[in-house]
There are 4 protein chains.
Amino acid sequence: MARGVNKVILIGNLGDAPDVRYTPNGNAVANLSLATSESWKDKNTGQPVERTEWHRIVLFGKVAEIAGQYLHKGAKVYIEGKLQTRKWQDQQGQDRYTTEVVVDINGQMQMLSGQNDGGAQSRADQQASAYQPQAGRSDGAKQYQQASGSSQKQPPAAQVAGGFDDSFDDDIPF
Amino acid sequence: MARGVNKVILIGNLGDAPDVRYTPNGNAVANLSLATSESWKDKNTGQPVERTEWHRIVLFGKVAEIAGQYLHKGAKVYIEGKLQTRKWQDQQGQDRYTTEVVVDINGQMQMLSGQNDGGAQSRADQQASAYQPQAGRSDGAKQYQQASGSSQKQPPAAQVAGGFDDSFDDDIPF
Amino acid sequence: MARGVNKVILIGNLGDAPDVRYTPNGNAVANLSLATSESWKDKNTGQPVERTEWHRIVLFGKVAEIAGQYLHKGAKVYIEGKLQTRKWQDQQGQDRYTTEVVVDINGQMQMLSGQNDGGAQSRADQQASAYQPQAGRSDGAKQYQQASGSSQKQPPAAQVAGGFDDSFDDDIPF
Amino acid sequence: MARGVNKVILIGNLGDAPDVRYTPNGNAVANLSLATSESWKDKNTGQPVERTEWHRIVLFGKVAEIAGQYLHKGAKVYIEGKLQTRKWQDQQGQDRYTTEVVVDINGQMQMLSGQNDGGAQSRADQQASAYQPQAGRSDGAKQYQQASGSSQKQPPAAQVAGGFDDSFDDDIPF
DNA sequence: TTTT
DNA sequence: TTTT
């Protein structure tokens, strides 16, 4: 149930491969960095200007797994989610805020790239609804087991067995 | 022109009266704080839980003026805009980022509150398209002349003549 | 799953009370007539012009029951659904097509009218997700048991017991 | 200005090449047939089922010209427009209604197909805002000069000079 | 048939 | 960090 509407619709390209991790109970969580851009003519100079906006996307559940399997750097994607700002502490203990587009069971992710546009593991037009996350997103996200490199398709158990990625242990979660 | 889609749709209630300021060349800029909330039953306890999300909205041009004139604390509003993250420096000189929903000429603002729901200056269902902002939003926003108290309807010139609100001079722009 | 996106977002006022009926297995189906309007200045005469668009909305499941209980003529409503065109035959046996906005489990309905705006049974800000319909919408819709008059809140069994509305037996389903 | 919100968002594939015509005063009008589809498992048989929905899209102005130039059968497209139902008379003089998604100055069209996906004249990711139509859409649309075959890029004058397509003169406008 |  |  909701009082109000909180909806985000994006179409853009991934700046990098999805970062897929797993919660202790085996739920996938994928973080995407998505670019949208607009261009216009400068009013004074008449010169074309381009501005790119980078969006932080968080997928939960099945849609996160699909993202890990089929999305790649540069892939064009449709995202429907909701805005959510989470609070975290930096190294100085100061409060910081990060706004993300969360795609859960009520959201949607859809691949728009054709199968011939550069990504080895791309498959066209796949789509899925997201599962409800078992729990809210953690501030530091450190409890998620990172899918290491090419093994993102492994089942969660295997992920847990796979070692913890130390680079994950930084203070700033983005 | 755009490559990609960047769209946000919100319906919520204002946490406070709009904060309307003016650029040196007389363009209105309004900042709104908008709440959307969702509730669900906790899976373990079965207890109802509610989470409120606060959104930072920035209106430009005519729609900003209308917001200043007709919106009030608690007003229910429909917002259609785009996501934009701006960078600013805190007192320690560290980079900080704030994500806002920007309503410009391509966006929309619409009042949903009836005339009988508490706001002295509310008028129902007013709507307008936003003018294109003359320039991008500033990081610290300090160049905007703040509309002091009840004088928000004054023309920009009067605003410039009106004194500068010192409380505006803090380091954190939200 | 879907290939493509099919989404409609409307905010408007009901032209009449919802028409709620029940399928043989007890699922509620509500039909709404929703008006949205836009106004502009005629380019030649400079006179203000207004155009009202009427939308046919079909709600399934729980959201249909809520509509029957709390919505009333004139109520302001937010609708999120999908476009669907269904085929039916007129009295001459000719194919006809009607396009509707269908609100199912993936859609949303939200009341925007305050409690003081005229509807006896209105309650503010109620919202719900729709249940998946048991089956697709019928062309002629004749198998739905009509909720007669004020008894729309009765359980389906009572509806079935209540007499059949003969005016429902016409050839044109809208 | 508007009281209410009337918005449609679609991503789908064209069932045929765009049909581009010109008004007497030279404004382009393009009609598209766009398919979206969804699939699910039948509850009883467990068999996968697919349903395709066909949408009638009408583009006005510059976006109509771009559609004529760059879109082709099968192209994947993002559409943002509004619902509009127009009335017309069939050969028996009976009223008929057709619902379309109208993309005008407030809407958007964006090509999502890559340049390698089969269309001779496709160019990727072009986008444009639509011009406001000079006048409302006609019921029968017969006053539009049809762009004959490969000459869709010709200027309106040439179109007017080019012969009238007789097949256009039927009674049913879709 | 709604709403302002 | 993407895309055209």
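Keep in mind that the numbers below use all heavy atoms, side chains included, and drop hydrogens, waters and symmetry copies. Proteins come first, then strands; the chains are lettered A, B, ... in the order of their sequence lines, and each starts at number 1.
For Thr52(C) and dT2(E), a side-chain-to-base donor-acceptor distance below 3.5 Å is present, hydrogens and geometry of angles not being considered.
Nearest to the side-chain atoms of Asn13(A) among the listed nucleotides dT3(F), dT4(E), dT1(F) stands dT3(F). Of the candidate nucleotides dT2(E), dT1(F), dT3(F), dT2(E) has the atom lying nearest to any side-chain atom of Ala35(C). For Arg3(B), whose side chain is taken as the heavy atoms from C-beta onward, the closest listed nucleotide among dT4(E), dT3(F), dT1(F) is dT3(F).
As rounded to whole Å, 18 Å separates atom C1' of dT4(F) from atom CD of Glu53(A). Look at CZ on Arg51(A): it is 18 Å from C1' on dT4(F), rounded to the nearest Å. Counting to the nearest Å, the P atom of dT2(F) and the CG atom of Leu112(D) are 20 Å from each other. Computed from coordinates, the Gln110(B) CD to dT4(E) P distance equals 13 Å when rounded to whole Å. Taking atom OH on Tyr78(C) and atom C1' on dT2(E), their separation rounds to 20 Å, with Å as the unit. Rounded to an integer number of Å, the gap from CD of Glu50(A) to C1' of dT3(F) is 8 Å. Whole-Å rounding puts the Ile79(A) CD1 to dT2(F) P distance at 18 Å. In this structure, Lys76(D) places its NZ atom 19 Å from P of dT3(F), rounding to the nearest Å.
Interatomic distance, Tyr97(D) OH to Trp88(D) CH2, rounded to the nearest 0.5 Å: 11.5 Å. Here the straight-line distance linking atom NZ of Lys76(D) with atom CD1 of Ile11(D) works out to 7.5 Å at 0.5 Å rounding.
Residue contacts shown for Thr36(A) are absent, as no nucleic acid heavy atom lies under 4.0 Å away.
Looking at Leu83(B) and Val102(B), their side chains never come closer than 4.5 Å, going by heavy atoms from C-beta outward. Annotation: side chain of Ile9(B) is in contact with side chain of Lys7(D) (closest heavy-atom distance under 4.5 Å).
Arg51(C) and Glu38(C) are not joined by a salt bridge, as no carboxylate oxygen comes within less than 4.0 angstrom of a charged side-chain nitrogen.
With centres under 5.5 Å and a plane angle under 30° as the test, the ring of Trp54(A) is not stacked against the base of dT2(F).
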